[in-house]
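Data first, discussion second: the structure below is written as structure tokens.
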2 protein chains.
Amino acid sequence: MRIEAIGQLPGTAEEDELGGLLRAAVGRLYRRFRSERPDGELGDAALAVLTRLHKHGPQTLTALSGIDRVSPASMSQTVNRLTSAGYAVRTRDAEDRRKVLLSATDSGHAVARAARAKRNAWLDERLRALSPEDRAILARAAELLEAIADS
Amino acid sequence: MRIEAIGQLPGTAEEDELGGLLRAAVGRLYRRFRSERPDGELGDAALAVLTRLHKHGPQTLTALSGIDRVSPASMSQTVNRLTSAGYAVRTRDAEDRRKVLLSATDSGHAVARAARAKRNAWLDERLRALSPEDRAILARAAELLEAIADS
DNA sequence: TATTGTTATACTCTATAACTATA
DNA sequence: TATAGTTATAGAGTATAACAATA
């Protein structure tokens, strides 16, 4: 606990506080999202991968693991849950046979659509209650947060 | 930049899409936060609880589980990790002996301070790179996201 | 040798069910 | 009976280490 010595300088207090507030808000909202999961459905990591395959088409395992900053080993296991459920398939790349392309199956696409509709219902309801200005702020914030996650 | 859509046709596809974009951004950033965890440190759930005890003082178990929308059983186990590490203590409420008050220990407070400094370093760096306008947007967005998580 | 992916193992986080203790 | 909390058990998600296959 010697790191206590790292004090926050007065001049940087505001943005320091923004970091803490942002982290807390993202953490709480993420856990809230997770708590909305209906029984027997895919977990959040698997659904995020399936949604990506649904929206952006086939991807290699390494690409998927890079996107979520997760180890390839971890992503391989998440993909196992999708293939076991019949929502995705592995295809060997013909040109570079080390690579594996993941694709959503027909039922995978259907599940991705349905899950989004169900799981975002309560979020959409809350967004509709906001002013157009606040929605615009959140739209811009979503872009900024994605950019930060990408960096 | 979707922010230009202010005042245009609220009620249709745009806010629908906002929900999906917001969920994706929050999910990706949360996983990014989690990937920054140094080896041997507390997990994100345990650190979130410790940070809360550090900032807001002693709380009952039920209160903590309500804040993170987690079952009391789950929170009890998260608290077990904190007490095992010596970062928090349980105290029986004298007036209602069913209740348990959780408090951060001295080393718990120190860890909360240190962990915040270490884990937010890269986030603070990215926030400093933004324009004051974008930081203001994120500050307001943090409030909105907290309010949504609370609702 | 380097890259791509997998399996084995272990830890965190979460849930439900069954339980104790107190009100 | 109702409330506050715990323990037991199981599943999702993650990591590292060790491995195989291909380039």
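In this text, all values refer to a predicted model and were calculated from it rather than measured experimentally. Quick note on labels: first sequence line is chain A, next is B, and so on, each numbered from 1.
Within 4.0 Å (heavy atoms only), Ala73(A) reaches at least one base atom of the nucleic acid.
Considering only side-chain atoms of Pro72(A), the nucleotide from dT16(C), dT6(C), dT9(C) that sits closest is dT6(C). Comparing dT3(C), dT14(D), dT14(C) by their nearest atom to the side chain of Arg81(B) picks out dT14(C). Each of dT6(C), dG5(C), dC13(C) was ranked by its minimum atom distance to the side chain of Asp44(B); first place goes to dC13(C). Of the candidates dA17(C), dT16(D), dT22(D), dT22(D) carries the atom nearest the Arg98(A) side chain, counting heavy atoms from C-beta on.
Met75(A) and Leu64(A) make their closest contact through CE-O, 3.4 Å (heavy atoms, listed as atom of the first residue, atom of the second, distance). Closest approach of Leu102(B) to Thr60(B), counting heavy atoms only: CD2-C, 4.1 Å. Here the closest heavy-atom approach between residue Arg128(B) and residue Arg135(B) is recorded as O-NH1, 3.5 Å. Ala25(A) and Ala142(B) get closest at one heavy-atom pair: CB-O, 3.7 Å.
Atom CG of Asp106(A) has 12 or fewer heavy atoms from other residues, nucleotides or ligands within 6.0 Å.
Here Ser71(B) reaches the OP1 or OP2 of dA15(C): one of its side-chain N or O atoms lies under 4.0 Å away. Neither OP1 nor OP2 of dT4(C) sits under 4.0 Å from any side-chain N or O of Arg92(A). Phosphate proximity of dA15(D) to Arg34(B): absent, as no side-chain N or O sits under 4.0 Å from OP1 or OP2. For dT7(D), one of the phosphate oxygens OP1 or OP2 lies less than 4.0 angstrom from a side-chain nitrogen or oxygen of Asn80(B). Here Thr62(A) reaches the OP1 or OP2 of dG5(C): one of its side-chain N or O atoms lies under 4.0 Å away. Considering only side-chain N and O atoms, Ser74(B) lies under 4.0 angstrom from the phosphate OP1 or OP2 of dA15(C). The phosphate of dT6(C) (OP1 or OP2) has a side-chain N or O of Ser76(A) nearer than 4.0 angstrom.
Computed from coordinates, the Asp96(A) CG to dT3(C) C1' distance equals 8 Å when rounded to whole Å. Straight-line distance from the OH atom of Tyr30(B) to the P atom of dT14(C): 7 Å, rounded to whole Å. At whole-Å resolution of the value, CG in Leu82(B) and P in dT6(D) are 12 Å apart. Going from atom CG of Leu64(A) over to atom P of dG5(C) covers 9 Å, rounded to whole Å. When the P atom of dT22(C) is taken as reference, atom CZ of Arg90(B) falls 16 Å away, rounded to whole Å. Rounded to whole Å, the distance from CZ on Arg32(B) to P on dG13(D) is 21 Å. One can place CD of Gln77(A) at 9 Å from P of dT7(C), the figure rounded to the nearest angstrom.
Two residues, Asp93(A) and Thr60(B), neighbour DNA chain D, and the one matched to the more 5' nucleotide by heavy-atom proximity is Thr60(B). Heavy-atom distances to DNA chain C give each of Arg31(A) and Leu61(A) a nearest nucleotide, and the one nearer the 5′ end belongs to Leu61(A). In this structure, Asp68(B) and Met75(A) both approach DNA chain C, and ranking their closest nucleotides by distance from the 5' end singles out Met75(A).
With a 3.5 Å limit on both pairing distances and Watson-Crick or G-U wobble geometry required, the stems of 3 or more pairs in DNA chain D span C:1-23 with D:1-23.
Judged by distance alone, the side chains of Arg81(B) and Thr78(B) do bring a donor and an acceptor atom under 3.5 Å apart.
Screening Leu101(B), Val79(B), Leu82(B) for a side-chain contact (heavy atoms from CB on, under 4.5 Å) involving Arg90(B) leaves a single residue, Val79(B).
Between Tyr30(A) and Tyr30(B), the angle of the ring planes stays under 30°, which puts this pair in the parallel group of the 30/60° scheme.
No hydrogens or angles were tested; on distance alone, nothing pairs the side chain of Glu95(A) with the base of dA23(D) as donor and acceptor under 3.5 Å. Counting atom types as modelled, Arg97(B) pairs no side-chain N or O with a base atom of dT22(C) as donor and acceptor under 3.5 Å.
Atom-to-atom distance recorded for Arg31(B):CZ and Arg28(B):CZ is 8.5 Å, nearest 0.5 angstrom.
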